[in-house]
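Please read all numbers here as calculations on a predicted model, not as lab measurements. Each chain gets a letter, A, B and so on, in the order the sequences are listed, and its residues count up from 1.
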Amino acid sequence: MNMSLIISQLINGLQSGSVYALIALGYSMVYGIIMLLNFAHGDIIMVGAYVAWLAMVNFALNPILAIILAIAACVLLGVVIEKVAYTPLRSSPRISLLITAIGVSFLLQNLAQLVFGAGSQRVPAMISGPSLTIAGQYVSFTAMITIVISVVSMLLLTLLVQKSKMGKAMRAVSEDMGAAQLMGISVNRTISFTFAVGSALAGIGSVLYCCAYPQASPTMGSMLGIKAFIAAVLGGIGSIPGAMIGGFCIGLAEAIISAVGLSVWKDGVVFAILIIVLVFKPTGILGKTMTEKV
Amino acid sequence: MLKVNDINVYYGSIHAIKGVSFEVQKGEIVTLIGANGAGKSSILNTISGLLRSKGGCIKFRDKNISSILPHKIVGMGLAQVPEGRRVFLKMSVQENLEMGAYTRRGSEINESIEDVYERFPRLKERRRQVAGTLSGGEQQMLAMGRALMSKPELLMLDEPSMGLAPILVEQIFDIIKELNSAGTTILLVEQNAQMALSIADRGYVLETGKIVTSADARELLNNDAVKKAYLGG
């Protein structure tokens, strides 16, 4: 194994890691605000991929328009799912909410299968450009753009959550919904906004994922979603920087496993990470132990 | 200013508030006193819209607010400092105050923040700190400052003395008196009946979800039954 192979695997790791991170952010933000593991989140990515495919193949739209449509479709879908499936259960036990999320996930997968068929569709290249050679190391354009766009999205998200009025309202609602209402914050609007932002990141993730693996299939969201969920747990669910760190860790772990020639074990190792985290540090890297005050 | 008429609140099958009626006139300090579990906080939360009354009616400045959403009630000039302060512990002091002004827009918000800092200089010193690092008294001040940020005409305070040292309790009650003299109407819920009645104009005594006595605060201080139950003989 030579140096150049290691570096190229690291770049692969960063590329898939940044996609995991974008998706993990959606899990973490939603969990942070309504304590729901939104298992339909992965399937939103699948819908985004199909929308991009439809836009480019069936309607022959240009790639930029297809990307915008895919992201918009994800945002719309995320907000609609929240309104239709989760809002009515706001005061129900959390387990009902969780089961509903799994139900929504199955619903989306099976709808996709009904409409588009069980096979996969090839998504044409949306982003193309010259590949680079940095210090004698070949870096593909998609790898570079994926990493750059992810990092920029995460910076913008951090800015939004830390500085904007809506971002502060999100933090207030996630900390104490009742007190937030007493401040005049509309909880429904804030939660919708959270789903919209999380789904927009999923949409971006979807486009970037399709750049690396240009296929849309009904079940593509489930493994991707679960790995991003593991990333969120690893980083500390509910924590935004945690989701980013977790995403990159999972991506790099996969790349390292592949680099040492055990790529068949990739998925197994990721699930082993989940088990290890849950056994030894269930709160994740940045998560804090939650103490319930009476 | 506030007219509560025959409100009934249920938690599942438990009838927690049983036909409570009372009113608060503009400029008054009115206190609701009663033991733990008498329903004081439930009443405030019903007025704020967090709980719903079955039947009855709540009028604020002659408008029926019983079916208005809680976040809209704040914008009408009715703020609550909730029990246990409930400041946003992970947010900075300054951000907590900004949240208090959520319903307002424009640059006057910064002036209001300065006003709050003037009233509570301790908060200014700690403006960049997260609220979780404040002491109990400071958190109570922050909770009050935060509620004032919405420029309320009626301020409802739920157990502001809870868990505070006597000297701090006095300080908090002085501030309540000052706010009242500055024109804010106050509805004060307290277990510390002595303190509450000493600054209030009128008082209502609440027992297991019902109002059992109401009178001028001075009268209640001298009322034998009240003395026995709430003032330690």
Portion of [X] that has a non-hydrogen atom of chain A nearer than 4.5 angstrom:
X        : answer
B:Val87  : backbone
B:Ser150 : neither
B:Lys90  : both

Can you tell me how far [atom2] of [Y] sits from [atom1] of [X], rounded to the nearest 0.5 angstrom?
X        : Y        : atom1 : atom2 : result
A:Arg171 : B:Glu95  : CZ    : CD    : 4.0 Å
B:Ser92  : A:Lys168 : OG    : NZ    : 7.5 Å
B:Leu50  : A:Met177 : CG    : CE    : 12.0 Å
B:Phe88  : A:Met183 : CZ    : CE    : 5.5 Å
B:Met91  : A:Asp176 : CE    : CG    : 11.5 Å

(request) Taking the side chain as every heavy atom from C-beta outward, state whether A:Leu182 and B:Ser48 have any atom pair closer than 4.5 Å. (result)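 A side-chain contact under 4.5 Å exists here.
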Whether over 12 other heavy atoms sit under 6.0 Å from [X] [atom1]:
X        : atom1 : value
A:Arg189 : CZ    : no
A:Lys281 : NZ    : yes
A:Phe106 : CZ    : no

(request) Write out, in numerical order, the residues from residues 228-247 of chain A with a heavy atom short of 4.5 Å from a heavy atom in chain B. (result)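 No residue falls under the 4.5 Å cut-off.
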Between [X] and [Y], what is the shortest heavy-atom contact and its length?
X        : Y        : answer
A:Gly178 : B:Arg86  : CA-NH2, 3.5 Å
A:Ile185 : B:Met99  : CD1-SD, 3.7 Å
B:Tyr102 : A:Lys165 : O-NZ, 2.9 Å

(message) Can you tell me which portion of A:Glu175 sits under 4.5 Å from chain B's heavy atoms? Options are side chain, backbone, both or neither.
(response)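 The side chain, not the backbone.
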